[in-house]
Amino acid sequence: MDHFVRRGGELFAEDVSLTAIAEKFGTPTYVYSRATLERHARVLFEALEGVPHLVCYAIKANGNLAVLETLAQTGCGLDAVSGGELARALKVGVDPLRIIVSGVGKRDDEIEAALRAGVLYVSIESPAELEMVGAVATRLGVTARVSVRVNPEVDAVTHPYISTGLRENKFGVPYDEALALYARGMGMANVAMVGVTCHIGSQITTVGPFVDAAGKVADMARTLLAQKVPLAYVGIGGGLGIPYAATDNPPTPAEYGAALARALKPLGLTVVLEPGRVIVGNAGVLVTRVIRVKDGADRRFVIVDAGMNDLIRPALYKARHAIEKVVDGSDEASATVVGPVCESSDTFAHDVVLPRVVTGDLLVFRSAGAYGFVMSSNYNARPRAAEVLVDGGNPVLVRERESIADLWRGERSPAGRAYDDQLPKGFAP
Ligand code: LLP
């Protein structure tokens, strides 16, 4: 359930109309609903009631500081996969003992930052990385709390680009090599082997793969506990899918939580989740304005002012984001909705049925809160969109739209001279 609702034929984010937001902040603009963020986090907490747990929201899905602060205040910890994400987590004042650090290619300096901050644990994904973490901890004179991300070799049945738990994937330690890694870690003076974790993929729409993965990590945890490894945490990653269309029917958080509890509660460990999409996906939309309608040879194109640089999921994964007109209309017609970027893949939807639209009308792409803004770029020299967080009747600009001058910030002439902020004649600031 989310707080994007129609009132009098117009789409609202909580108590603010998206028309008002577009007028105030321009387009394209990402709009997030605070009440929805909080609700989605709480539903997960409730789903795990009775099981000691820590929900570490996966920053990668949407790293806006206001989103992180909101979720941290609601009771989430955070999952960071880079030095940049760790800095974001610390910037909003989250207790380091509620931050976990993962990622397949952590650099030495990123490991150092994590250990200096004193995060709950670092998930390691290879023997070489364990050695590196041990060496950094020794150099700093601290004890590194470490989890091993095992690859449970479970088919998550999702898009191949976002499946991570198969044998052929680059992620995790092969299941049958993990025990040796714990033995090695137990022999290292500056390392504490505190957890076992996994992550099998994203946008998973049945509970089966989670049951299989939880069963496998639970088996691993039991073996490790029997070997006196001082485990305190068992992680199951993120990946719970969301409905992108009305016909999608992923497991509810309650069903998901119950399945995890059955497999993991008997271990007596703290269950750590790393959900991203299920918390932020349907807590955000992308508002865009129709630039023009163009009748092509055999179809009608609706050209909007958001492009694949703003929301790349349709181009990259053939993802479908429901498209709606902000203000209801009649006279439905089929249209292909495209952006202005010079690539045919800059297409949001082929032949969808929409109310008839004209230049200036507002459309929204639903379910854009996860992997939307964070994957945006400046391709075609397009400044990145604004982000607005709505709290009841209050829309707050939580990231300014980039300006044209931002596009060349940091660039230098061949002689090494910085370019100033002055815009060429004819460009509005
Ligand atoms: N933990 C780990 C180790 C991950 O790799 C991921 C996502 C998550 C947690 C969070 O997964 P979630 O709950 O959001 O499914 N850009 C793609 C999704 C990539 C997901 C990468 N890893 C998309 O737009 O669909």
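These figures come from a predicted structure and were not determined experimentally. One-based numbering, in listed order, for ligands and for the atoms of each. Throughout, numbering of the chain's residues begins at 1 and tracks the sequence.
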Atoms of ligand 1 close to Met375 [distance to a heavy atom under 4.0 angstrom, numbered from 1]: 16 (N)
Provide the number and element of each atom of ligand 1 under 4.0 Å from a heavy atom of Gly276. 12 (P), 13 (O), 14 (O)
Please state whether Ala61 comes within less than 4.0 angstrom of ligand 1, counting heavy atoms only. no
Quick check on contacts: which atoms of ligand 1 are under 4.0 angstrom from a heavy atom of Pro275? 13 (O)
Side chain proximity check, Ser147 to Ile124, heavy atoms < 4.5 angstrom: no
Which bit of Glu274 gets closer than 4.0 Å to ligand 1, counting heavy atoms only: side chain, backbone, both or neither? both
What part of Arg313, side chain, backbone, both or neither, has a heavy atom within less than 4.0 angstrom of ligand 1? side chain
I need the atoms of ligand 1 closer than 4.0 Å to a non-hydrogen atom of Arg149, numbered in the order shown. 3 (C)
With a 6.0 Å cut-off on ring centres, are His321 and Phe348 close enough? no
Taking only heavy atoms of Gly238, which atoms of ligand 1 are found under 4.0 Å from at least one of them? 9 (C), 13 (O)
Within the 4.0 Å heavy-atom shell around Arg277, which atoms of ligand 1 are there? 12 (P), 13 (O), 14 (O), 18 (C), 23 (C), 25 (O)
Are any of the N/O atoms on Gly201, whether in the backbone or the side chain, positioned under 3.5 angstrom from an N/O atom of ligand 1? no
Atom indices of ligand 1, in the order listed, that fall short of 4.0 Å to a heavy atom of Ala58: 10 (C)
Please check if any side-chain donor atom of Ser377 sits under 3.5 Å from a side-chain acceptor atom of Asn309, or the reverse. no
Polar side chain donor-acceptor pair, Thr29 to Arg401, under 3.5 angstrom: yes
Close approach, Gly239 and ligand 1, non-hydrogen under 4.0 angstrom: yes
List the residues meeting side-chain hydrogen bond (donor to acceptor under 3.5 Å, both in side chains) with Asn249, not counting sequence neighbours, and say none if there are none. none
Indicate yes or no: at least one non-hydrogen side-chain atom of Leu130 is less than 4.5 angstrom from one of Val146. yes
Close side-chain approach of Leu407 and Asn378, heavy atoms under 4.5 Å: yes
Does any donor atom in the side chain of Gln73 or Arg34 lie under 3.5 Å from an acceptor atom in the other side chain? yes
Got Ile236 and Leu273 here, is their nearest side-chain heavy-atom distance under 4.5 Å? yes
As a check for students: among Tyr317, Tyr57, Tyr244, identify the option with a heavy atom nearest to atom 17 (C) of ligand 1. Tyr317
